[in-house]
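Numbers restart at 1 for each chain; the letters A, B, ... are given by sequence-line order, proteins then strands. Values below: every heavy atom of this structure, side chains too, minus hydrogens, waters and symmetry copies.
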Amino acid sequence: MTAFLRSKRVHATILQCVFFAALVALFVFLGTTGQRNIEAQGMATGFGFLERSTGWPMAFSMIETSSRSTYAQVLWAGLLNTLLVGVLTLVFATLLGLVVAFLRVSTNLLARFAGTTFVEIFRNVPAILQVVFWYAVLTHTPRPRDAYTLGEVAFLSNRGLVLPAPVFSGTDLLTILAALLAAFGVLAAGRKLNLTRRGRILVVATVIALAVVLWLTGRVPDAPLVSVPELAGLRFVGGMTLSPEFLGLLVGLSLFGAAYVGEIIRGGLLSVEKGKLEAGAALGLSPWQVNRLIRIPLACRAMLPSLANQYIWLMKATTLGLVIGFSDFFAIVSTSINQSGQTLELIGILMAGFLLLNYALGTSMNLVNRRLKLKGGH
Amino acid sequence: MTSKIVTLAAGVALAVSAALPATAQAGDTLSAIQERGSLLCTGHNGSYLGFAEVDDQGKWQGFDIEFCRALATAILGSPDAVQIVPISWAQRFPAIQSGDIDVIIKVTGWTQSRDTELGLQFSLPYFIGPFYVMAQSELGAESIADLEGGVFCANAGTTVERVLADYLESNGIEYQPLSFESGEELRAALYAGRCDALAGFGPFLAATRVNAPDPDSLTIIGEVIQLEPEGIVVREGDDALLDVVNWMVSALLLAEQEGITQANVDEFRASPPSPTIERLLGVSPGVGERLGLSDDWAYNVISAVGNYGEIYDRTVGEGSRYKLPRGLNNLWNNGGLLYPLVLD
């Protein structure tokens with residue numbers, strides 16, 4: 001018995017249990033006293049307010065919202081806005097970062113200088129300043145009626161960037177989604193069936209052609225395919241508008257992120273041993289082939305963990321939208337707190353939302369990491 | 001960023017303080033203030049022009065700040081016995097619930113959810129806030145309907161957002177809403193022409209206009225879209241403090257109605273013309289005792305900050321650079337909506 005108690009593993013287990021129990025007890029204690037004090041102050045608690053209409057409109061939302069929407073709907077729309085800006089930021093920061101990284105490792109002096117200048121400028125100025133700066137630039141563009149225009153179809157004014165947009169209905173979106181799924185399925189099946197490269201292209205082309213035919217026949221006759229913006233009174237109608245708030249946040253964060261992502265990619269590229277690149281060249285591969293087949297795959301493995309960190313950081317930085325009036329998740333939660341007064345619940349929702357977003361992001365990066373990881377030795 | 005951190009911090013502070021036993025207990029705030037020797041009152045994060053602004057010496061001034069001083073004088077006898085806590089719009093409710101401040105004097109609209117669910121109570125309105133729309137002059141709009149389709153800006157998280165939505169929707173006017181958490185960003189966006197119009201509280205609009213690079217570029221449109229009574233807020237159950245607040249507001253109005261000013265209050269006290277004034281200035285006892293204060297509290301308040309009209313003129317009215325007309329914030333016998341209670 002004493003031997004059992006003295007065993008190291010039992011010791012560790014008991015310690016862990018005690019620690020966990022203490023942690024649970026602490027949270028229960030904080031929760032119950034919090035609840036009691038809130039009740040003593042006569043404050044309403046719980047999530048009932050989520051069903052109530054907000055009474056205030058959202059400036060920007062991807063789903064239909066109005067001042068009659070419930071708090072739940074508005075918060076959901078806010079989360080989607082954050083997701084939109086976040087994902088676009090990651091895409092642009094990565095693409096731009098890739099360019100910057102290649103500039104930085106280039107053998108060309110001018111290219112290296114350009115890359116270094118970019119990184120030093122955008123990495124060393126605080127993100128919030130950059131966001132506010134781009135927002136100020138965008139709002140100091142001319143009024144709609146004096147907008148800069150590109151061929152009378154795209155306009156840049158202090159109301160944002162207005163672009164022509166394809167006209168989609170709900171069924172169109174469904175068609176596109178179905179076509180994508182079908183193409184993906186065919187490709188997956190094709191791999192099993194050992195289709196040739198030409199065979200696969202043929203199958204995908206057929207699916208796309210079918211989808212286009214379905215889209216063209218299924219739509220309302222004579223409806224325009226593309227909506228072109230036009231100036232009407234104080235604003236543009238038609239097309240799609242990217243507001244200065246949205247653009248300012250996207251541009252600011254993408255440039256800021258690109259400086260960091262660029263450095264991470266550069267680190268990855270530099271981690272590839274020179275010998276491997278020389279071996280590739282010795283085998284007669286072109287410089288592009290060396291990059292594509294040897295350098296980038298090996299660099300990816302080295303940089304994924306720090307890249308995942310940076311992505312999560314950028315996702316959280318979307319909360320800067322609050323400063324320039326973009327309706328991101330944080331701004332919506334903040335306004336909701338003020339309008340409904342349900343501070344604790346809403347802070348909880350805010351934390352849960354970001355936990356979910358970043359956990360999903362982290363998990364998918366880990367998945368990619370696992371797929372890319374070297375199996376066995378070198 | 002700052003306000004973001006501040007809001008979060010307020011949330012965390014609320015979570016922590018709510019979880020700790022013996023948080024600010026409603027009901028004894030008045031004695032807590034007296035024991036502490038100072039009143040914790042609301043300021044603003046930055047400047048809310050005319051109401052709570054920081055001057056170039058870093059001192060707080062404005063209409064709401066004067067009421068903080070008046071309340072401090074009523075309770076503690078000195079207008080300096082007040083600590084102004086800088087606070088954002090969103091932070092004011094968590095801050096009072098957690099006991100970081102004693103009262104909210106921050107042009108706070110009396111709404112049902114605040115009054116009930118948030119566990120707060122409101123004083124008699126000390127200010128009547130008409131909501132207007134201020135448009136860019138170059139648009140030549142004569143009514144709000146002329147701004148159809150425009151971008152309407154507002155302070156995020158205030159009642160203005162709701163009032164504006166109600167008015168425009170019920171009048172079938174389409175618009176694009178845009179709201180900002182920080183007053184500085186809101187003004188910058190307006191001055192840059194990002195907003196076609198700014199909706200808000202009349203005094204706030206007037207102050208924003210005065211501070212514009214070119215005040216003539218902005219025009220306040222005459223339609224009142226809504227009227228909002230603004231009250232001073234205390235915690236539910238703080239009845240003693242609420243009584244003091246209500247009678248302080250009433251005393252300031254009564255003083256104005258009777259022509260008692262900061263300059264002549266001593267003459268009135270030396271020879272009170274009526275029994276009511278005798279009671280108000282503490283010449284005959286009772287006015288303080290009932291509230292748990294000294295009998296000369298109203299006298300102290302008037303000699304420290306003046307009557308309601310004097311406060312108004314000094315901070316937002318004719319004596320200030322905002323030159324706001326009294327309008328509805330005048331006494332009932334001057335065409336306004338304000339009146340003192342009966343001092344018996």
note = When every non-hydrogen atom of A:T335 is compared with those of B:E161, the smallest separation belongs to CG2-OE1, 3.4 Å
inquiry  = Please classify the contact of B:E184 with chain A as side chain, backbone, both or neither, using a heavy-atom distance under 4.5 Å.
reply    = neither
Heavy-atom pair of closest approach, residues B:A165 and A:S67 = CB-CB, 4.0 Å
ask   = When only pairs under 4.5 Å are counted, which of B:G193, B:A189, B:A188, B:G150 shares the most heavy-atom pairs with chain A?
value = B:G193
key: Salt bridge A:R145-B:E138, side-chain N to carboxylate O under 4.0 Å   = no
task = Tell me, for B:C195 versus chain A, whether the close heavy atoms (under 4.5 Å) come from the side chain, the backbone, both or neither.
result = backbone
ask   = Is the CH2 atom of A:W76 crowded by more than 12 outside heavy atoms at less than 6.0 Å?
value = no
Interchain contact, B:S113 with chain A, by part (heavy-atom threshold 4.5 Å) = side chain
inquiry  = Which one wins on heavy-atom pair count under 4.5 Å against chain B: A:R143, A:M58, A:Q342?
reply    = A:R143
ask   = Crowded around B:R36 CZ? As in, over 12 foreign heavy atoms under 6.0 Å?
value = yes
note = Rounding to 0.5 Å, atoms CD (B:Q176) and OG (A:S243) come to a distance of 9.5 Å
query = So which part of A:S336 gets closer than 4.5 Å to some heavy atom of chain B, the side chain, the backbone, both or neither?
reply = neither
remark   = When rounded to the nearest 0.5 Å, the distance separating OG of A:S334 from CH2 of B:W89 is 13.5 Å
inquiry  = Which atoms of A:Y135 are under 4.5 Å from chain B, going by heavy atoms: the side chain, the backbone, both sets, or neither?
reply    = side chain
query = To the nearest 0.5 Å, what is the distance between CZ (B:R114) and CG (A:N338)?
reply = 6.5 Å
task = Please report the closest heavy-atom contact between B:R194 and A:N158, naming both atoms and the distance.
result = CD-O, 3.2 Å
remark   = Okay, A:T54 and chain B: the region with an atom under 4.5 Å from a heavy atom over there is backbone
task = Using a cut-off of under 4.5 Å on heavy-atom pairs, state which of B:F93, B:F180, B:Y175 scores highest against chain A.
result = B:F180
request  = Can you measure from CG (A:N37) to CD (B:Q97) and round to the nearest 0.5 angstrom?
outcome  = 12.0 Å
key: A:R159 portion near chain B, given a 4.5 angstrom heavy-atom threshold   = both
ask   = So which part of B:E174 gets closer than 4.5 Å to some heavy atom of chain A, the side chain, the backbone, both or neither?
value = side chain
query = With a 4.5 angstrom heavy-atom cut-off, which part of B:A156 approaches chain A: side chain, backbone, both or neither?
reply = both
task = Heavy-atom distances under 4.5 Å only: say whether B:Y191 touches chain A with side chain, backbone, both or neither.
result = neither
task = Against chain B, label A:V333 side chain, backbone, both or neither, depending on which of its atoms sit under 4.5 Å from a heavy atom there.
result = neither
query = Which atom pair, heavy atoms only, marks the closest approach of A:V132 to B:E185?
reply = CG1-OE2, 4.0 Å
ask   = Do you know the tightest heavy-atom contact between A:A59 and B:P177?
value = CB-O, 3.0 Å
task = Side chain from CB out, backbone as N, CA, C, O: work out which of these in B:T116 comes under 4.5 Å of a heavy atom of chain A, or both, or neither.
result = backbone
